[in-house]
Protein chains: 2
Amino acid sequence: MSPDTPQPPGTARPGRSYHCHVEVTVDVIGGKWTPVVLAHLKEHDRLRFAQLRRLIPDITEKMLAQRLRELEAIQIVDRIPVSTAPPHVEYALTAQGRSLAPVLQAMWEWGRDWAATNRLAVDPVQFRH
Amino acid sequence: MSPDTPQPPGTARPGRSYHCHVEVTVDVIGGKWTPVVLAHLKEHDRLRFAQLRRLIPDITEKMLAQRLRELEAIQIVDRIPVSTAPPHVEYALTAQGRSLAPVLQAMWEWGRDWAATNRLAVDPVQFRH
DNA sequence: CGGGATCCTAAATGATACTG
DNA sequence: CAGTATCATTTAGGATCCCG
């Protein structure tokens, strides 16, 4: 196993006890990139690795792969190999992943409003096939 | 300035550019403890430092203080010194902080459901004055 | 009670190179 | 295209002591 693959979240972690439901959510989808990846998958239904990379310009391939492996392990994301020529891989939210929609939606809207209030520039990359 | 006071979030950070509104939200209320602190303040309206500490048993005083300073700096939380004998301090969400309610609510509900599905124990500390 | 100051550790993230 | 391996770094988080 890769030496810096993190513990799969969502599973009981040794010594981790929760005292608030919000802690659980943070444990599962916390981190810098996880909610961003999930938000894009929520918007686009199915995305290839390279498409996600383009939509999230500042993520490294390593981080993107790591987050996807993690989300796949806890069945929030499906990994779908597609046997075209050349073959590729698509990612999509599972039913459990789709249950995150209200969280992701609320985060998206709040970020939009906060950016407006504080005049922060947000420049989404437009989607390309 | 303390050597490990983080940059105030919400303000433009040097070199940080956003390509998704969700990134903004993560930047402002991301991290292990911030959403938990905010969720408790949302529930209880006003809480003293010591009360927050009890409600979040695993947080250290340093982290709690650091998160509160941060949230105060960007005006998501109000710090209210109360001149009783002995004096104490109360914390509350500002109007801007209250705008996070949908995010926190969605996170709380999702965490509750995920914990149930995965049989994770969550034992909230009961509130005490 | 409500912290600040120091020092330290571990996890998360990142750069770069390479591959089936 | 879709990754993995290695190495380096950043930074969040924590332990401890101290203080008005």
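So that the names make sense, note that chain A is the first sequence line, chain B the second, and so on, each numbered from 1.
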**Asked** Looking at CG of B/L38 and OH of B/Y91, how far apart are the two atoms once the value is rounded to the nearest 0.5 Å?
**Response**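 One gets 13.5 Å once the value is rounded to the nearest 0.5 Å.
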
**Asked** From B/I74 CD1 over to A/T117 OG1, what is the distance, rounded to the nearest 0.5 angstrom?
**Response**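 Reported value, rounded in 0.5 Å steps: 11.5 Å.
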
[X]: side chain to side chain contact (heavy atoms under 4.5 Å, CB included) partners, not counting sequence neighbours:
X      : result
B/A116 : none
B/E72  : B/R69, B/R79
B/T84  : B/V82, B/H88
B/K42  : B/L93, B/A101, B/L104, B/Q105

Could you state the [atom1]-[atom2] distance from [X] to [N], rounded to the nearest angstrom?
X     : N      : atom1 : atom2 : answer
A/L47 : D/dG3  : CG    : P     : 13 Å
A/K62 : C/dT16 : NZ    : C1'   : 11 Å
B/Q66 : C/dG4  : CD    : P     : 9 Å
A/E70 : C/dA11 : CD    : C1'   : 12 Å
A/D27 : D/dG13 : CG    : P     : 12 Å
A/L68 : D/dG3  : CG    : P     : 7 Å
A/E90 : D/dA2  : CD    : C1'   : 13 Å
A/M63 : C/dA15 : CE    : P     : 10 Å

Check whether any side-chain nitrogen or oxygen of [X] sits under 4.0 Å from OP1 or OP2 of [N], and answer yes or no.
X     : N      : value
B/R48 : C/dG2  : yes
A/R79 : D/dG3  : yes
A/Y91 : D/dC1  : no
A/W33 : C/dG14 : yes
B/R67 : D/dA12 : no

**Request:** Just jot down the salt bridge (charged side-chain N to carboxylate O under 4.0 Å, His left out) partners of A/E90, sequence neighbours excluded, or say none.
**Result:**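 Result, salt bridge (charged side-chain N to carboxylate O under 4.0 Å, His left out) vs A/E90: A/R46.
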
**Prompt:** Any ring-ring contact (aromatic ring centres under 6.0 Å, His included) pairs touching residues 19-74 of chain B, not counting sequence neighbours?
**Reply:**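 As it turns out, the ring-ring contact (aromatic ring centres under 6.0 Å, His included) pairs with a partner in residues 19-74 of chain B, which skip direct neighbours, are A/W108-B/H21, B/H44-B/F127.
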
**Asked** Which of residues 80-89 of chain B sit near DNA chain C, with a heavy atom under 4.0 Å from it?
**Response**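 Here the set is B/H88, B/V89.
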
**Asked** Want to settle it: does A/Q51 or B/D58 sit nearer the 5' end of DNA chain D, counting the closest nucleotide to each?
**Response**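 Closer to the 5' end of DNA chain D: A/Q51.
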
**Asked** With respect to the side chain of A/K32, which nucleotide from D/dT4, D/dG13, C/dT13 is positioned closest?
**Response**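 Within the option list, the nearest is C/dT13.
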
**Item:** Five-pair end axes of the helix from C/dC1-D/dG20 to C/dG20-D/dC1, angle between them (10°)
**Value:**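 The two end axes of the helix from C/dC1-D/dG20 to C/dG20-D/dC1 meet at 60°.
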
**Request:** Could you name each residue pair satisfying salt bridge (Lys or Arg N to Asp or Glu O under 4.0 Å) that touches residues 95-107 of chain B, not counting sequence neighbours?
**Result:**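 Qualifying pairs, neighbours excluded: none.
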
**Message:** I'd like to know if the side chain of B/T25 pairs up with that of A/W114 as donor and acceptor (distance under 3.5 Å, no hydrogens or angles considered).
**Reply:**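 No - no donor-acceptor pair under 3.5 Å links their side chains.
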
